[in-house]
Amino acid sequence: MTTSMVVLTLVVASAVILRWRRPAWYWVCFGAGLASLRLLVRYASVMEACGLTVPPARWQLALARMAGRSVPESRSPRVLRLRPTRTGLVLRLKLRPGQDAFDFSAATDRLRHSFGMYGVSSRELRSGVVELRMTGYDVLRQVRIPAVNASSAAPMRIPVALREDGAVHYRDFRAVPHGLTLGATESGKSVYLRSLVCGLAPLDVALVGIDCKQGVELFPLARRFSALADDQETALDLLDALVSHMADVYRLIRAQQRISVAVPDAEIAADIWDLPVDLRPVPVVVLVDEVAELALFANKDEERRRDRIVTDLVRLAQLGRAAGIYLEICGQRFGSELGKGITMLRAQLTGRTAHRVNDETSANMAFGDISPDAVLAAIQISPDTPGLAVAGDSTGGWTRIRAPHTSLRDAVNRCNTYADRTPDLPALATFRPTVAAPSKALVPLKARPATA
């Protein structure tokens, strides 16, 4: 009896410590089993309390009346599968006739409280089948992106953050060519940009940066960049060169099409990914840090320069996808007060990511034309959670994400590691940053001793 009590005490103490210090380990060891049991026991009563049941069929009521039995109970959705994951549970349900997937989306907060889970999200897999993804703990408190399966790897598709349901959030440039990232100062926007650069560094891609804050964000990563600009004048020349490069790529695609009756449909080139590997130009990702610095002006000359810059960005956003040119534009605000052409540019940026913003207007700039719910979620981000963001797209879907903390030193080391993969683009050779070779011996910096 004493031994059993000691073992039970140790198990309970281990569970308490794990839940406090290592919630992921606690979930795998104890939480998943307890939550599954709790869900199965409460399932019928929770569905009825949340209004997710349907009355019995007419033939059941008729049989009950003829047999003199009590009226059958309301029917809950049928459970197709309950699968534990490393962060929560996945419950797949078959809807009853008359039920709607929207009912489950509207009841996610009630389901979260009823089942004792940290978060619940709902999505429709196909007609009549709904999947509820439940998280057992706050997966965004300490972000650790799991190892990506080889089956998930694809060209220009990189993991950059963790979603609130425990899934990995990918930035897929081929599916969503251009993106907009908004966020106030100290909201985690720079960390997200570093995570994006670190994910792109090992790929066969040319990185082009425009950082008009004198290059303080992107120039430390210069060894992995094919072109960099740190002021408006250089940015204009760089964008003009990119537009010329885009035209050259289109001429190459046109020359390789050779459309005839004998050419199979699958071999007709419409973008760089349809070209043979030996002829395919290297894709280009353009990273713009603080877009407002490109759009502000103080006199007529700066206004003319600003108009040319915005025009080039709009052209790249409208025509760059087929030429393998992708935009990732960052800023604190991105509204019509930046001048003409800005709203046209924003309309081309399909991917939207908003970190903590200072006002509702800034959130509307990102999601006002996509989803009002995403606007509400963006303005509710607390200053105590830097890096937390809301990601959405043109379909109206959105989710909370958080990128793992990536220091500037970590990003510099990764860019230096893959510096040999930096392609040389003849059209951008003028803007290739010149950096000294990294020293083998790192000398720690020390404060100079005070003199009397």
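Although no hydrogens or angles enter the test, the distance criterion places a donor-acceptor pair under 3.5 Å between the side chain of R356 and the main chain of T185. Using a distance-only test at 3.5 Å, with no hydrogens or angles considered, no donor-acceptor pair links the side chain of R352 to the main chain of G392. Between the R321 side chain and the P177 main chain, no donor and acceptor come within less than 3.5 Å of each other. Looking only at distances, no side-chain donor or acceptor of W273 sits under 3.5 Å from a matching main-chain atom of G324. Side chain of T234 to backbone of D231: no donor-acceptor contact under 3.5 angstrom is found. Distance alone, capped at 3.5 Å, is enough to place a donor-acceptor pair between the Q232 side chain and the E293 backbone. Although no hydrogens or angles enter the test, the distance criterion places no donor-acceptor pair under 3.5 Å between the side chain of S195 and the main chain of V191. Remark: side-chain polar atoms of T406 are paired, donor with acceptor, to backbone N or O of P404 under 3.5 angstrom. Judged by distance alone, with hydrogens and angles left aside, the side-chain atoms of H169 form no donor-acceptor pair with the main-chain N or O of R163 at under 3.5 Å. Using a distance-only test at 3.5 Å, with no hydrogens or angles considered, a donor-acceptor pair links the side chain of D211 to the main chain of L218.
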Between E328 and T181, does the side chain to side chain donor-acceptor pair (under 3.5 Å) criterion hold? Intermediate values first, please.
CA-CA 7 Å; E328 190 71 28; T181 302; 3.2 Å; yes
Given T430 and D237, is the side-chain contact (heavy atoms from CB on, under 4.5 Å) satisfied, shown in steps?
CA-CA 10 Å; T430 308; D237 296 337; over 6 Å; no
Going through the checks in order, is the side-chain contact (heavy atoms from CB on, under 4.5 Å) test met by L140 and L388?
CA-CA 8 Å; L140 300 183; L388 187 65; 3.4 Å; yes
One pair to check against side-chain contact (heavy atoms from CB on, under 4.5 Å): T350 and H178. What are the steps and the verdict?
CA-CA 6 Å; T350 307; H178 312 303; 5.8 Å; no
Step-by-step side-chain contact (heavy atoms from CB on, under 4.5 Å) determination, I329 to F334
CA-CA 10 Å; I329 297 180; F334 202 80; 4.1 Å; yes
Tell me, with the steps shown, if R251 and D248 meet salt bridge (charged side-chain N to carboxylate O under 4.0 Å, His left out).
CA-CA 5 Å; R251 280 191 286 268; D248 294 339; 2.2 Å; yes
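Put simply, CG on L182 and SG on C330 are 8.5 Å apart, with the number rounded to the nearest 0.5 Å. The structure places CH2 of W398 at 7.5 Å from CG of L376, a figure rounded to the nearest 0.5 Å. Of the inter-residue distances, the one linking E302 atom CD with I309 atom CD1 reads 10.0 Å to the nearest 0.5 angstrom. For the atom pair R402 CZ and H355 NE2, the distance stands at 10.0 Å (nearest 0.5 Å). Separation of atoms CG (D289) and NZ (K189) is listed at 7.0 Å; rounding is to 0.5 Å. One finds the NE2 atom of H245 at 10.0 Å from the CG atom of L316 (value rounded to the nearest 0.5 Å).
In summary, of the residues considered (E124, R123, Q99), a side chain to side chain contact (heavy atoms under 4.5 Å, CB included) with F104 occurs for Q99 alone.
When every heavy atom of A35 is checked against every heavy atom of M117, the shortest pair comes out as CB-SD, 4.0 Å. The two atoms that bring R280 and L275 nearest to each other are NH2-O, 3.3 Å, heavy atoms only. Here the closest heavy-atom approach between residue C212 and residue L294 is recorded as SG-CD2, 3.5 Å.
In this structure, E303 does not pair ionically with R306, as no charged nitrogen and carboxylate oxygen lie closer than 4.0 Å. For D359 and R333, the salt-bridge test passes: some basic side-chain N is under 4.0 Å from an acidic carboxylate O. A salt bridge links R112 to D109: one of the charged nitrogens lies within less than 4.0 Å of a carboxylate oxygen. Between R194 and D410, no side-chain nitrogen of the basic residue sits less than 4.0 Å from a carboxylate oxygen of the acidic one, so the salt-bridge criterion is not met.
When the shell of 6.0 Å around OH of Y118 is examined, it contains 12 or fewer heavy atoms from other residues, nucleotides or ligands. In R346, the CZ atom is crowded: over 12 heavy atoms of neighbouring residues, nucleotides or ligands sit closer than 6.0 Å. Applying the 6.0 Å contact sphere to CZ of R308 captures no more than 12 heavy atoms from other residues, nucleotides or ligands. Counting non-hydrogen atoms of neighbouring residues, nucleotides and ligands closer than 6.0 angstrom, the CD atom of E186 reaches no more than 12 such neighbours. Residue E360 places its CD atom among 12 or fewer non-hydrogen atoms of other residues, nucleotides or ligands, all under 6.0 Å distant. At most 12 heavy atoms of other shown residues, nucleotides or ligands fall within 6.0 angstrom of atom CZ in R315.
By the 6.0 Å and 45° rule, R157 stacks over the aromatic ring of Y170. A cation-pi arrangement is present between R171 and F173, with the terminal nitrogen or guanidinium carbon under 6.0 Å from the aromatic centre and inside a 45° cone about the axis.
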